[in-house]
Protein chains: 4
Amino acid sequence: MSRGNTRQRIQDVALELFAEQGYEKTSLREIAERLDVTKAALYYHFKTKEDIVISLFADLGRPVDELIAWAEEQPRTLATKQEILRRYHVALMGALPLFRFMHENQATVRELSIGETFKARMTTLAGMIQDPGASMVDRVRCVSALFTMHAGLWLMQTVEGEEAEKRQAVLDVAIDLVTQAHRAEAG
Amino acid sequence: MSRGNTRQRIQDVALELFAEQGYEKTSLREIAERLDVTKAALYYHFKTKEDIVISLFADLGRPVDELIAWAEEQPRTLATKQEILRRYHVALMGALPLFRFMHENQATVRELSIGETFKARMTTLAGMIQDPGASMVDRVRCVSALFTMHAGLWLMQTVEGEEAEKRQAVLDVAIDLVTQAHRAEAG
Amino acid sequence: MSRGNTRQRIQDVALELFAEQGYEKTSLREIAERLDVTKAALYYHFKTKEDIVISLFADLGRPVDELIAWAEEQPRTLATKQEILRRYHVALMGALPLFRFMHENQATVRELSIGETFKARMTTLAGMIQDPGASMVDRVRCVSALFTMHAGLWLMQTVEGEEAEKRQAVLDVAIDLVTQAHRAEAG
Amino acid sequence: MSRGNTRQRIQDVALELFAEQGYEKTSLREIAERLDVTKAALYYHFKTKEDIVISLFADLGRPVDELIAWAEEQPRTLATKQEILRRYHVALMGALPLFRFMHENQATVRELSIGETFKARMTTLAGMIQDPGASMVDRVRCVSALFTMHAGLWLMQTVEGEEAEKRQAVLDVAIDLVTQAHRAEAG
DNA sequence: GATGAATGAGGTTTCATTCAT
DNA sequence: AATGAATGAAACCTCATTCAT
């Protein structure tokens, strides 16, 4: 039934459990049991528990890296900023469980070796949608735009309404915030 | 030997460590050692580890409860909504470590018995600054206002600038978001 | 409400819990809580946990000592043996929880300082209803008579029927066993 | 390193210690030390401490189950009853430490998950050697027959004499009790 | 590509007990 | 006659990890 896809299956189950229960509350035993393999099998594919998280990051976080790389070559126009948000939105939606995990386990992620990387990426991204000499209020607007998207993860669960509509609204508000900030500085 | 302040000291140290390292990574041994008492002493004052968190929430989260109680008796005007945000801001700033802990350990908090309560309070608060028939975008603006304040916790650490100025900016943006949402619906 | 009777109340509650849950599973905290006093209060009245058991033994086990003392001055006739069983039956019924506790916690009692005493009393009693040179089968009959009474504690809970009737039947069978043993040896 | 006999060795040592000191007084540390393995090794083979007891019961208690199954298909004649006792005697002698443990730790066993099962088996067995409409005295005789065998465990240690002779006497008395009960009802 | 057996460290919790007040 | 605060020891249990097979 299963051939060379065990590594993938481990990642899937691990992410599912990490997102659901948190990193520390999820034991390797649990992951192994759900896959119907032994714990030792996990160690054939990953060197440590942390390694599983790192691999998830490497695989699912790539789009954000690509987004940053792309953004670095664009002019800092309003259109670019808006496109950054749009692409970030796509990246987020493409790896919801991973971002949910990161958002809800910040204290844990901070201690992990990827913690630095994660924070750096967010800071870079925030820097890219802000203007260099922006007012504090406009700075906050930009950071808030990013957080609004993350907040969307929570929103999705508590506010009723159609999934697609909610996603669109989240993106709209984020773009609006950045636009306001841009206009205030440019005007 | 020591006076009746041990309970309080446990809470202080526990919150400090929980906020710094996360709930699961903080062991009772660590708390006890830092206080120079035995682990058993913690159990004289608190029935379980979870009980410590509950007590923190009960003591420091009270202002939010009071805010909700107050808000329930006000008319749903724009002024009220703005005042809710102002008061929430005060509550947040008065118990920064607790809210930082909650924000960064959501996965953990969700599993704790206070998880439900916490979520319910956030939902109630969100409901109070929204209009009943608001558009999805305006709904998101209101939720985003709340999250912007939480994001402030993160902001405080990553953006440079004067503390007081950052706090004020966070509040301003939040109020602005709610005001926009209100005007859109009322207009 | 309570005056000098705390010591008595501790004994009552302790025996109740010991009989119900076993000695080791019953903690001093539990006893104290049920009495609505602190654990330290128990230590005002008893030096150790074991001391509580010892005191129960001393108070409630006295009748058996008196029975032995009485029996030692009687001739070893059949009538005496029967009377021993009758009196033992009365002693048993007068302190059911204590005997239930002893019967169901033999492994524990053996380790307690009273363990020796307890065993010695049973052996003495067994010796008094046997004939010196009795056959092995008749010896067993006599020991069995004693155990039948203890078994009665269990019987009381599992067989249906009137309490008084069951008690009488238990005594009848015990007396019958000893009588058979006596006749076999005497005849 | 060691072959697949660790599980068995744990059971052996555990039963030995449980029978000797009681269940609660025997710690897993003690068992592990005597086997020269770590506590964690015990947990590889058994999920909990209670699980060890359950496994002992399952392995060594099987003969009693088989006896009950066999008895259920026999006619309720005197010969059957006598054979039940004979077979029960064999089962008992084949797992003396287990039954000694059960007998001397009734309070503990009652709280364990097997407690119900244990009691049920005894009750079933008792029911099988009684006549449906028997007098209370004859009922007691039958229960007493069973307890006499258990009493034998105690007897073995306190009365002097040859082992084989004592065993035989215990069985004889038990059979005699059931025979008397049967004749009384049938006659 | 995976298992079975085990470990070492450490976790939370409970217990009987003490003692100054 | 009893409490409040604390301790030291030890309990059961879980975890990430290792390694020979």
Side-chain angles (χ1 to χ4, degrees), chain A residues 2-7 10 23-32 35-52, chain B residues 1-7 10 24-32 35-52, chain C residues 2-7 10 23-32 35-52, chain D residues 1-7 10 24-32 35-52:
Chain A
S2 68
R3 253 207 314 292
N5 61 338
T6 301
R7 193 190 143 93
I10 293 172
Y23 177 75
E24 338 264 353
K25 289 269 278 189
T26 303
S27 68
L28 295 184
R29 179 177 53 66
E30 213 173 345
I31 296 174
L35 285 167
D36 207 37
V37 294
T38 60
K39 271 181 292 174
L42 306 185
Y43 279 88
Y44 178 79
H45 293 282
F46 299 94
K47 244 186 10 238
T48 66
K49 184 183 182 186
E50 188 170 345
D51 229 48
I52 300 181
Chain B
M1 202 159 263
S2 67
R3 279 198 318 291
N5 62 335
T6 301
R7 193 190 144 94
I10 293 172
E24 344 260 353
K25 291 270 276 189
T26 303
S27 69
L28 296 182
R29 179 181 52 68
E30 217 172 342
I31 299 175
L35 286 167
D36 204 39
V37 293
T38 60
K39 276 178 287 169
L42 307 185
Y43 278 90
Y44 175 75
H45 293 282
F46 299 95
K47 266 210 311 275
T48 66
K49 186 183 180 186
E50 186 171 346
D51 222 51
I52 300 180
Chain C
S2 68
R3 252 206 316 289
N5 61 339
T6 300
R7 193 189 141 92
I10 293 172
Y23 176 75
E24 339 264 353
K25 289 269 277 190
T26 303
S27 68
L28 294 185
R29 178 179 53 65
E30 212 174 346
I31 297 174
L35 286 167
D36 207 38
V37 294
T38 60
K39 272 181 291 174
L42 306 185
Y43 278 88
Y44 178 81
H45 293 281
F46 298 95
K47 245 189 7 241
T48 67
K49 185 183 181 185
E50 188 170 345
D51 228 50
I52 300 181
Chain D
M1 205 158 260
S2 67
R3 277 197 320 290
N5 63 334
T6 300
R7 193 189 143 93
I10 293 172
E24 344 261 352
K25 292 271 276 190
T26 304
S27 69
L28 295 183
R29 179 181 51 68
E30 215 173 344
I31 297 175
L35 286 167
D36 204 40
V37 292
T38 59
K39 274 177 290 167
L42 305 186
Y43 280 91
Y44 175 75
H45 293 281
F46 299 94
K47 266 208 314 276
T48 65
K49 186 182 181 186
E50 185 171 347
D51 223 49
I52 300 180

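Residue numbers start from 1 in every chain, and the chains themselves are labelled A, B, ... in the order their sequence lines are given, proteins ahead of strands.
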Quiz prompt | Range-with-range stems of DNA chain F (Watson-Crick or G-U pairs under 3.5 Å, three or more in a row) | solution = E:2-21 with F:2-21
Quiz item: C:K25 NZ to E:dT14 P: how many Å, rounded?
Solution: 12 Å
Quiz item: Is there a side-chain polar atom (N or O) of A:T6 under 4.0 Å from OP1 or OP2 of E:dA2?
Solution: yes
Exercise. Please determine, for the side chain of C:K39, which listed nucleotide (F:dA6, E:dG11, F:dT14) has the closest atom?
Key: F:dA6
Quiz item: What is the distance, rounded to the nearest whole Å, between atom CG of A:L35 and atom P of E:dG1?
Solution: 16 Å
Quiz item: Cationic tip of B:K25 within the cone over A:Y23's six-membered ring, i.e. under 6.0 Å and within 45° of the normal?
Solution: no
Quiz item: Tell me: CG of B:N5 to C1' of F:dA5, nearest whole Å?
Solution: 12 Å
Self-check item: d(NZ, D:K49; P, F:dA11) in whole Å
Solution: 9 Å
Quiz item: What is the distance from OH of B:Y43 to C1' of E:dT13, rounded to the nearest Å?
Solution: 5 Å
Practice problem: Tell me whether the OP1 or OP2 atom of F:dA6 has a side-chain N or O from B:T38 closer than 4.0 Å. | Solution: no
Self-check item: Whole-Å distance separating the CG atom of D:L28 from the P atom of F:dT14
Solution: 11 Å
Exercise. Give the rounded distance in Å between these two atoms: OH of B:Y44 and P of E:dA16.
Key: 17 Å
